[in-house]
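We're numbering straight along the sequence, starting at 1.
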Amino acid sequence: MTTATAPVPSLTSVFVRLKLSLLKNGLKQSGGRTAAYVLSVVFAAVFAIGLLIGFLVLRGHDDAATVTVLLAGILTLAWTVMPLFIASGDETLDPSRLVMLPLRPRPLVRALLVASLVGIGPVFTLVVGVGAALAVARGAAGTVAAVLAVPLVVLVCVALSRSVAAANVRLLTSRKGRDLAVLSGLVIAVGMQLVNFGAQRLSEAGGLSAVEPAARVVGWLPPAAAVSAVDDAGRGAYLPAAAKLLLTAAALAGLLYWWQRSLVRLMVEPDGSTVGAAAPAAKDKASSGLLGRILPGGRTGTVMERSLRYIWRDPKTKAAWVTSLAIGAIIPVFNALQGTGTIYFACFASGMLGIQMYNQFGQDTSAFWMVAQTIATKADAYAELRARALALLVITVPYTALVTAVTAGMLDAWHQLPQALGLAFALLGAMMATGSVASATFPYSIPQDSAYKNVAPGQGGLAWMSIFGGMISAAVLCAPVIVLMLFLHFETDGGLMWLLLPVGVLYGGLITWAGLKLAAPRVSGRLPEILAAVSKG
């Protein structure tokens with residue numbers, strides 16, 4: 001007597017059905033999530049249709065290959081960095097959730113790859129690949145190459161994204177990894193500057209001929225190489241077309257192998273939470289000792305070390321610093337590259353970094369009560385504020401000097417370096433002074449439960465008064481140095497402009513000291529109010 005056994009479904013079909021079920025159930029959780037998904041679908045569809053129409057318009061144009069290859073390269077870059085900023089956007093495919101299941105690596109990779117093709121991103125990539133192929137395909141050879149190239153483009157993009165995510169899954173699913181999403185605004189800002197710079201260069205060059213060398217290089221990088229192969233096949237260059245298709249297929253195989261190796265390491269190797277916990281602790285102790293030896297002793301060194309560790313470890317503080325450092329350099333450097341800048345744009349560096357002095361106690365959140373226990377007199381408050389300012393100056397002074405020197409070198413304006421540095425240091429001192437007073441007068445809480453909220457509800461007015469009021473006050477405080485600069489420029493024919501460097505350094509130091517002295521009694525006298533304000537969120 002034989003017993004009938006039910007057919008075992010393939011792992012791939014199980015994962016696809018699981019992905020669809022989790023997607024459907026996730027959309028049922030809230031109307032807001034459903035609306036966001038629908039809007040994403042509509043936006044992606046409109047954008048994809050627009051690109052498809054653009055590709056059809058490009059068909060037969062001399063620059064069609066250049067445009068399609070570069071767009072394929074940009075799309076690949078987007079797939080590469082996407083896991084770093086939306087690591088939790090697709091929790092259904094997190095391989096760490098499958099560690100306890102008896103799954104073999106090769107079938108698991110195949111199932112995950114097919115399941116990864118379900119979503120807005122892969123469909124959008126498919127439409128872009130089809131449009132790019134239509135724009136450059138010519139003749140029977142081009143059509144055959146296009147049939148092979150389009151699925152290769154989609155598979156390489158998806159495999160690349162999943163390989164990067166699997167290789168960094170322990171980072172991306174941790175608290176620090178999720179906080180990388182806070183930096184996505186910075187990436188967008190830098191990308192917009194790059195696009196703006198590239199568009200200006202193209203307009204100056206009078207066409208796409210300026211980027212043809214870049215397109216030729218990108219045309220050999222998978223998966224853009226597959227799109228370039230379609231163009232080569234249509235022009236009769238069969239050997240380069242075959243080589244590029246084989247290169248793309250080899251890249252796909254390499255990515256799948258890397259993905260498989262990452263899954264094996266993830267599922268069989270212990271992580272830092274179970275092995276070697278003592279070694280990182282010893283490392284932290286050693287690094288703390290080194291930092292302690294560099295910084296001064298007493299309360300000053302302790303507060304400086306705490307502030308520097310906030311910058312390095314606290315996600316919100318780190319994101320604010322990285323954004324300020326990047327924008328402080330982007331504005332003067334990009335304007336210098338475009339030939340429209342001036343060395344005085346380097347003051348953006350000191351201005352952006354000076355903002356970090358504002359709301360000093362807000363970054364402590366509710367932990368400020370421990371700091372408040374150590375402040376009993378005006379002298380204690382002054383020592384606390386002075387140490388925090390010194391911690392900021394350790395970074396801001398050399399960075400301001402570096403950005404100013406780089407801008408001077410790009411503009412070949414070395415003769416203006418002393419006065420620009422003097423003005424930048426004076427502005428930095430004014431920001432330190434007004435930031436100290438604003439921290440004591442208009443403290444506000446920084447919520448920790450959201451990566452995108454920097455002010456607690458109901459405290460928006462305090463934040464505006466603190467930052468913008470302080471910035472206006474800092475500009476007013478810099479008026480004496482600006483007046484002196486204008487006087488030296490017009491009355492001495494610029495021969496004594498170098499005096500602005502020592503004057504700016506001295507003025508910045510004095511105004512910082514005055515601001516700290518003015519803010520200290522306010523801090524010691526308003527400790528309960530400050531503690532209540534910064535603990536609100």
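A 4.5 Å side-chain heavy-atom check between W321 and I395 finds at least one atom pair inside the cut-off. Counting heavy atoms from C-beta on, the side chains of W79 and P223 never come closer than 4.5 Å. Within the 4.5 Å cutoff, side-chain heavy atoms of V394 are placed close to those of M304. Proximity of L70 to V218: side-chain heavy atoms (C-beta onward) are separated by under 4.5 Å at one or more points. Side-chain contact between F55 and V130 is absent, with no heavy-atom pair separated by less than 4.5 Å. For the pair S116/V158, a side-chain contact is recorded, criterion being any heavy-atom separation below 4.5 Å from C-beta on. A 4.5 Å side-chain heavy-atom check between V164 and W258 finds at least one atom pair inside the cut-off. The closest side-chain heavy-atom distance from V46 to F43 is not below 4.5 Å.
Atom CG of L160 is separated from atom CG of L256 by 11.0 Å, given to the nearest 0.5 angstrom. The line from CG of D63 to OG1 of T66 is 5.5 Å long, rounded to the nearest 0.5 Å. Atoms CG and OG1, on N335 and T407 in that order, are 9.5 Å from each other to the nearest 0.5 Å. In this structure, the separation between CZ on R17 and OG1 on T12 is 10.5 Å, given to the nearest 0.5 Å. Within the model, atoms CD1 of I311 and CZ of R306 stand 12.0 Å from one another, a figure rounded to the nearest 0.5 Å. Here the CG-CG distance, from L148 to L152, works out to 7.0 Å after rounding to the nearest 0.5 Å.
Within the 3.5 Å criterion, the main-chain N or O of P222 finds no donor-acceptor partner in the side chain of T76. Looking only at distances, no side-chain donor or acceptor of S161 sits under 3.5 Å from a matching main-chain atom of T80. In this structure a side-chain-to-backbone donor-acceptor pair under 3.5 Å is missing from S324 to L353. Using a distance-only test at 3.5 Å, with no hydrogens or angles considered, a donor-acceptor pair links the side chain of R59 to the main chain of A137. Judged by distance alone, the side chain of T68 and the main-chain N or O of A132 form no donor-acceptor pair under 3.5 Å. D364 places no side-chain N or O within 3.5 Å of a backbone atom of V371 that could act as its donor or acceptor partner.
Classification of the F345-F348 ring pair by plane angle, with boundaries at 30° and 60°, yields perpendicular. In this pair, F47 and F124 present their aromatic rings parallel. The plane angle is below 30°, not in the 30 to 60° band.
Around atom CZ of R261, no more than 12 heavy atoms belonging to other residues, nucleotides or ligands sit under 6.0 Å away.
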Do M410 and V333 pass the side-chain contact (heavy atoms from CB on, under 4.5 Å) test, and can you show the C-alpha distance, the side-chain angles, and the key distance before you say yes or no?
CA-CA 8 Å; M410 297 179 66; V333 169; 3.9 Å; yes

Check against side-chain contact (heavy atoms from CB on, under 4.5 Å), L108 and F15:
CA-CA 9 Å; L108 179 60; F15 269 73; 3.7 Å; yes

I'd like to know whether L51 forms a side-chain contact (heavy atoms from CB on, under 4.5 Å) with V127, so could you lay out the CA-CA distance, the side-chain angles of the two residues, the decisive distance to 0.1 Å, and finally the verdict.
CA-CA 9 Å; L51 283 177; V127 174; over 6 Å; no

Check against side-chain contact (heavy atoms from CB on, under 4.5 Å), E305 and L308
CA-CA 5 Å; E305 183 175 356; L308 292 173; 5.8 Å; no

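When all heavy atoms are compared, the tightest approach of P122 to L117 is CB-O, 3.5 Å. Nearest approach of A135 to A64, heavy atoms of both residues: O-CB, 4.0 Å. Considering all non-hydrogen atoms of both residues, A225 and W220 come closest at CB-C, 4.0 Å. Between R235 and R138, the shortest heavy-atom contact is CG-NH2, 2.6 Å. The two residues T248 and A226 make their nearest non-hydrogen contact at OG1-N, 3.5 Å. Counting all heavy atoms, side chain and backbone alike, S439 lies closest to F361 at O-CD1, 3.6 Å.
Ion pairing between D231 and K244 fails under the 4.0 Å rule for side-chain N and carboxylate O.
With 3.5 Å as the limit, one finds no donor-acceptor pair spanning the side chains of T317 and W312.
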